[in-house]
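Presented below is the structure to which this report refers.
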Amino acid sequence: MKLKIACLQMDIAFGKPEDNFKAAEIMIKKALRDKPDVIVLPELWTTGYDLTRLGEIADQDAESSLVFLKKAAQSNRVHMIGGSVAKKTPEGIYNTLLIVDNQGDLIHEYSKLHLFKLMNEHLYLNGGTAKGVFSLENRKFAGMICYDIRFPEWVRTHTAEGAEALFVVAEWPLARLAHWRALLIARAIENQCYVIACNRSGSDPDNVFAGHSMIIDPWGVVLAEGSETEEILYAEIDLDKVKEVRSMIPIFTDRKPDYYY
Ligand SMILES: O=C(O)CCC(=O)C(=O)O
């Protein structure tokens, strides 16, 4: 099964959800010219990392974000990997990835499990507890958020459950661009899956972000890679290639989970 992907490598306005909704709408319209099956947005695309103001600007129950994503999905018949948004709930605020299918239905939510202390996430956000596996068109995928890619065992938990492509949404700083590239390529090779990684571009008061969104095939070949500035990244993925690579080097049947964590 082939899917055309468009990653929106947005430059996010710090703490300005209204501006970011408008900017995303413009980018989605532009991306639709290529008739993608799936559109991907980056991490915290409505607020950026304006953590100290999340009490005011986080989206109550992710309602406004869902209205926006459902409309985009349904009116254009496109699956939306709706980046992550700051979701306000009675228990606290979560960094939550929203997956809306091309009928406009919310099919999965994944809240970031590993909070990134270097950017103070643990002081303002709650960590999720559920997995990121979801199905679209009868195939399994997984969603991850930024720092999650440093935990290969978390990614493996998802691919061992059948995920054939991993969507990574991020606000990854330029200072660690080399890690971003190496980790994403490694996750694709070791899990023999597609990795579709959508990072933001631009900067905020504390960080310059890397851009360099990447679409990588199950052999580790980089199909598309962004620059450091705002742009839309396109590539077509063929999920049948996952089966091909997994039957050539059958790591999922050769692994010995009784012997390691
Ligand atoms: O792991 C890293 O170096 C970056 C992680 C990050 O920026 C995040 O999770 O928001």
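The structure displayed is predicted, hence computed values, not measured ones. As the structure lists them, so they are numbered: ligands from 1, and atoms in each ligand from 1.
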Any donor-acceptor N or O pair under 3.5 Å, side chains D148, Y110:
yes
Are N126 and E91 close enough that a side-chain donor and a side-chain acceptor fall under 3.5 Å?
no
What part of [X], side chain from CB on, backbone N/CA/C/O, both or neither, has a heavy atom under 4.0 Å from ligand 1?
{"X": "Y49", "answer": "side chain"}
{"X": "A170", "answer": "neither"}
{"X": "Y147", "answer": "both"}

Please work out which of the three classes, parallel, tilted or perpendicular, describes the rings of Y147 and H114, given edges at 30° and 60°.
perpendicular
With nothing but distance in play, are any N or O atoms of W172 less than 3.5 Å from an N or O of ligand 1?
no
Does an N or O anywhere in R150 fall below 3.5 Å from an N or O of ligand 1?
yes
For R53 and G15, the nearest pair of non-hydrogen atoms, with its separation, is NH1-O, 3.3 Å
If you count the non-hydrogen atoms of other residues, nucleotides and ligands that lie under 6.0 Å from CD in E190, is the total more than 12?
yes
Hey, is NZ on K4 packed in by over 12 heavy atoms from elsewhere, all under 6.0 Å?
yes
What atoms of ligand 1 come within less than 4.0 Å of a heavy atom belonging to F116?
1 (O), 2 (C), 3 (O), 4 (C), 5 (C), 6 (C), 7 (O), 8 (C), 9 (O)
For P173, take its heavy atoms, then give the atoms of ligand 1 lying under 4.0 Å from any of them.
7 (O)
What's the shortest distance from [atom] to any protein heavy atom, and which residue and atom give it?
{"atom": "atom 3 (O) of ligand 1", "value": "R176 NE, 2.6 Å"}
{"atom": "atom 8 (C) of ligand 1", "value": "C146 SG, 3.0 Å"}
{"atom": "atom 9 (O) of ligand 1", "value": "K112 NZ, 2.7 Å"}
{"atom": "atom 7 (O) of ligand 1", "value": "E171 O, 3.3 Å"}

Does H179 come within less than 4.0 Å of ligand 1, judged by its heavy atoms?
no
So is H114 close enough to ligand 1, meaning a heavy atom under 4.0 angstrom away?
no
Establish, for the pair R156 and F252, whether the NZ or CZ atom is under 6.0 angstrom from the six-membered ring centre and no further than 45 degrees off its axis.
yes
May I ask you to decide if S64's main-chain N or O and D59's side chain share a donor-acceptor pair within less than 3.5 Å?
yes
Quick one, W219 with Y194, criterion ring-ring contact (aromatic ring centres under 6.0 Å, His included). Give me CA distance, side-chain angles, the key distance, then yes/no.
CA-CA 8 Å; W219 196 247; Y194 281 95; over 10 Å; no
